[in-house]
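From a predicted model like this one, the values you see are computed outputs, not experimental measurements.
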Amino acid sequence: MNRLYEKTKLGNLELKNHVVMAPMTRSRSIGNVPGDIVAKYYEQRSEAGLIITEGTSPSPNGLGYARIPGIFSKEQTSAWKQVTEKVHNKGSKIFVQLMHTGRIGHELNLPKTAKVIGPSAILARGKMWTDEQGMLDHPVPKEMSKEEIHSTIQEFVIASKNAIEAGFDGVELHAANGYLLEQFLHPSSNQRTDEYGGSNENRIRFVLEVTKAVSDAIGKEKTGIRLSPYGAFNDLFPFAETHDEYSLLAEKLNEIGIVYIHLVDHSSMGAPVVEPKTVSAIRKHFKGTLILSGGYDATRANKDIESGNADLVAFGKPFLGNPDLVTRFQKNLPLANFDEATLYTPGEKGYTDYPLA
């Protein structure tokens, strides 16, 4: 029996299979607005039961990378409608991933009135591509005031409402990979001395407040979150309290009642392995759907679904060069490689021009 391809439920949604397309930044949205080729890209990959879009900013301040989409303006919201329509016409469901880049960005990638912000004024090591001047060092972020914390929460709420207006089935809050929500979770990037920093309870506060506000605005069954404990992206690394903090976070997310946690393990890309005890603790404390991702093939995915370790499994890189990934899995066909040189370049090359098997 291969449960990976059977129908299943996500909250009150029916999915045509247990396969999720993971969110992957592709930098194809000129002017931060998703165009026709973005709609074509997702339509091509609609064999997945659930698609989670690339990171999409809820705020001008969150547009840290060149050419990533937003969903805070009328123009952006309207543009996303053709994406959701095409995906739904193929019988798939789609959540938008709300990604505020926080301190991972550069002013040259932001609108003129926007700024690079973070929980504390602590520099992230590393560089950021700008179309204007190439690779540049990250700037030191502006430490967010209480007022900015509250206004940023409202930006997530407005973006979530826009997402529902655009036809999305829900939103995934990106609290992984070193972006703003995770920056609050980490003692290396969050050295605040107010109620948003210092202890596990305080460091998870911002994430919980965003999650609660969004789920109140659009519904718990339409709200998910992505976490990457033990990740090593964007100058955030595992810390002494990682297990305890994420266990507590899972408990509190369960109390809010959101539909899923999407847990990513980046060890296949060189990060530390997510501790099995932490995965078990999250599974124990969180009663909603658990999506696992990170270096999966079809065999391992089916095994984790059959054993109950995961409810859904997300695939990232395999979807890049294989728009018909589910068909290839089912027929045991070889997978095509993707072109690394065109991962983040504008245009259709290396984006919508991969052939079907």
Side-chain angles (χ1 to χ4, degrees), residues 32 55-65 68 70-73 76 97-126 128 130 136-162 171 173-218 223 225-227 233-236 239 241 245 248-249 252-253 256:
N32 307 118
T56 301
S57 183
S59 162
N61 294 334
L63 293 167
Y65 291 101
I68 64 170
I71 192 164
F72 51 83
S73 74
Q76 290 163 343
Q97 187 192 65
L98 296 183
M99 177 181 81
H100 192 306
T101 51
R103 68 177 187 164
I104 303 300
H106 199 280
E107 287 94 340
L108 291 180
N109 290 336
L110 302 180
K112 296 296 181 207
T113 55
K115 50 190 179 283
V116 177
I117 60 175
S120 300
I122 298 172
L123 178 73
R125 288 173 296 181
M128 173 60 66
T130 66
L136 296 171
D137 290 334
H138 293 131
V140 176
K142 178 193 180 296
E143 180 170 314
M144 293 166 71
S145 66
K146 291 271 188 68
E147 187 179 45
E148 285 169 326
I149 285 175
H150 296 145
S151 64
T152 301
I153 292 170
Q154 286 311 303
E155 287 176 333
F156 274 96
V157 168
I158 292 165
S160 299
K161 290 178 176 177
N162 289 345
V171 306
L173 301 171
H174 197 358
N177 296 28
Y179 300 115
L180 182 66
L181 292 174
E182 192 180 24
Q183 288 161 27
F184 272 87
L185 298 176
H186 272 255
S188 64
S189 51
N190 178 359
Q191 295 179 12
R192 301 177 71 94
T193 55
D194 61 9
E195 67 267 35
Y196 291 97
S199 64
N200 290 340
E201 288 79 5
N202 285 355
R203 285 197 303 270
I204 68 174
R205 189 183 306 275
F206 179 66
V207 172
L208 292 174
E209 287 183 353
V210 170
T211 306
K212 179 75 165 63
V214 167
S215 63
D216 284 350
I218 65 170
T223 308
I225 195 167
R226 193 181 213 214
L227 305 175
F233 270 24
N234 289 321
D235 204 25
L236 293 185
F239 53 99
E241 296 163 298
E245 184 181 279
L248 178 65
L249 180 57
K252 297 299 183 183
L253 290 169
I256 295 172

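With respect to Glu148 and Lys115, a salt bridge is recorded, a charged nitrogen being found less than 4.0 Å from a carboxylate O. Between Arg203 and Glu245 a salt bridge is recorded (basic side-chain N to carboxylate O distance below 4.0 Å). By the 4.0 Å N-to-carboxylate-O rule, Lys112 lies too far from Glu107 to be salt-bridged with it.
Interatomic distance, OG of Ser215 versus CD1 of Ile256, reported as 5.5 Å (0.5 Å rounding). For the atom pair Phe184 CZ and Glu209 CD, the distance stands at 9.5 Å (nearest 0.5 Å). Interatomic distance, Thr101 OG1 to His138 NE2, rounded to the nearest 0.5 Å: 9.0 Å. To the nearest 0.5 Å, atoms CG (Asn200) and CG (Leu248) are separated by 6.5 Å. Here the CD atom belonging to Glu201 is positioned 8.0 Å from the NZ atom belonging to Lys252, to the nearest 0.5 angstrom. Rounding to the nearest 0.5 angstrom, the gap separating the CD1 atom in Ile225 from the NE2 atom in His174 is 11.0 Å.
By the 4.5 Å heavy-atom criterion applied to side chains, Ile122 and Pro141 are not counted as neighbours. Within the 4.5 Å cutoff, no side-chain heavy atoms of Leu63 are placed close to those of Asn109. Between Arg103 and Ile117, every side-chain heavy-atom pair lies at or beyond the 4.5 Å cut-off. Side-chain contact between Thr152 and Phe206 is present, with heavy atoms from C-beta onward closer than 4.5 Å. At a threshold of 4.5 Å between non-hydrogen side-chain atoms, the residues Thr56 and Gln97 do not count as touching. Put simply, the side chain of Ser57 does not reach to within 4.5 Å of the side chain of Met99, judged on heavy atoms. Side-chain contact between Leu180 and Pro119 is present, with at least one heavy-atom pair separated by less than 4.5 Å. In this structure, the side chains of Leu110 and Val116 come closer than 4.5 Å at one or more pairs of heavy atoms.
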(message) Applying salt bridge (Lys or Arg N to Asp or Glu O under 4.0 Å) to Arg226 and Glu182, what does each step give before you reach the verdict?
(response) CA-CA 10 Å; Arg226 193 181 213 214; Glu182 192 180 24; over 6 Å; no

(message) Does Ser59 form a side-chain hydrogen bond (donor to acceptor under 3.5 Å, both in side chains) with Glu155? I'd like the steps, not just the answer.
(response) CA-CA 6 Å; Ser59 162; Glu155 287 176 333; 2.9 Å; yes

(message) Quick one, Arg205 with Leu208, criterion side-chain contact (heavy atoms from CB on, under 4.5 Å). Give me CA distance, side-chain angles, the key distance, then yes/no.
(response) CA-CA 5 Å; Arg205 189 183 306 275; Leu208 292 174; 5.9 Å; no

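The backbone N or O of Ser120 lies less than 3.5 Å from no partner atom in the side chain of Asn190, so there is not a single donor-acceptor pair. A donor-acceptor contact shorter than 3.5 Å links the side chain of Asn162 to the backbone of Ile71. Side chain of Asn61 to backbone of Ala114: no donor-acceptor contact under 3.5 angstrom is found. Judged by distance alone, with hydrogens and angles left aside, the side-chain atoms of Asp235 form no donor-acceptor pair with the main-chain N or O of Ala124 at under 3.5 Å. Checked by atom type and distance alone, the side chain of His186 never pairs as donor or acceptor with a backbone atom of Leu236 at under 3.5 Å.
Exactly one residue among Ile149, Thr223, Leu181 makes a side chain to side chain contact (heavy atoms under 4.5 Å, CB included) with Val210. That residue is Leu181.
Side-chain polar atoms of Ser73 and Gln76 form a donor-acceptor pair below 3.5 angstrom.
Heavy-atom minimum distance, Ile68 versus Asn32: O-ND2, 2.7 Å. The shortest non-hydrogen separation linking Phe72 to Pro58 is CB-O, 3.5 Å. Taking each heavy atom of Ile104 and Gly178 in turn, the nearest pair found is CG1-O, 3.5 Å. Of all non-hydrogen atoms in Gly105 and Pro139, the two that sit nearest each other are O-CD, 3.2 Å.
Separation of the Tyr179 and His100 ring centroids does not fall under the 6.0 Å cut-off.
Residue Lys142 places its NZ atom among more than 12 non-hydrogen atoms of other residues, nucleotides or ligands, all under 6.0 Å distant.
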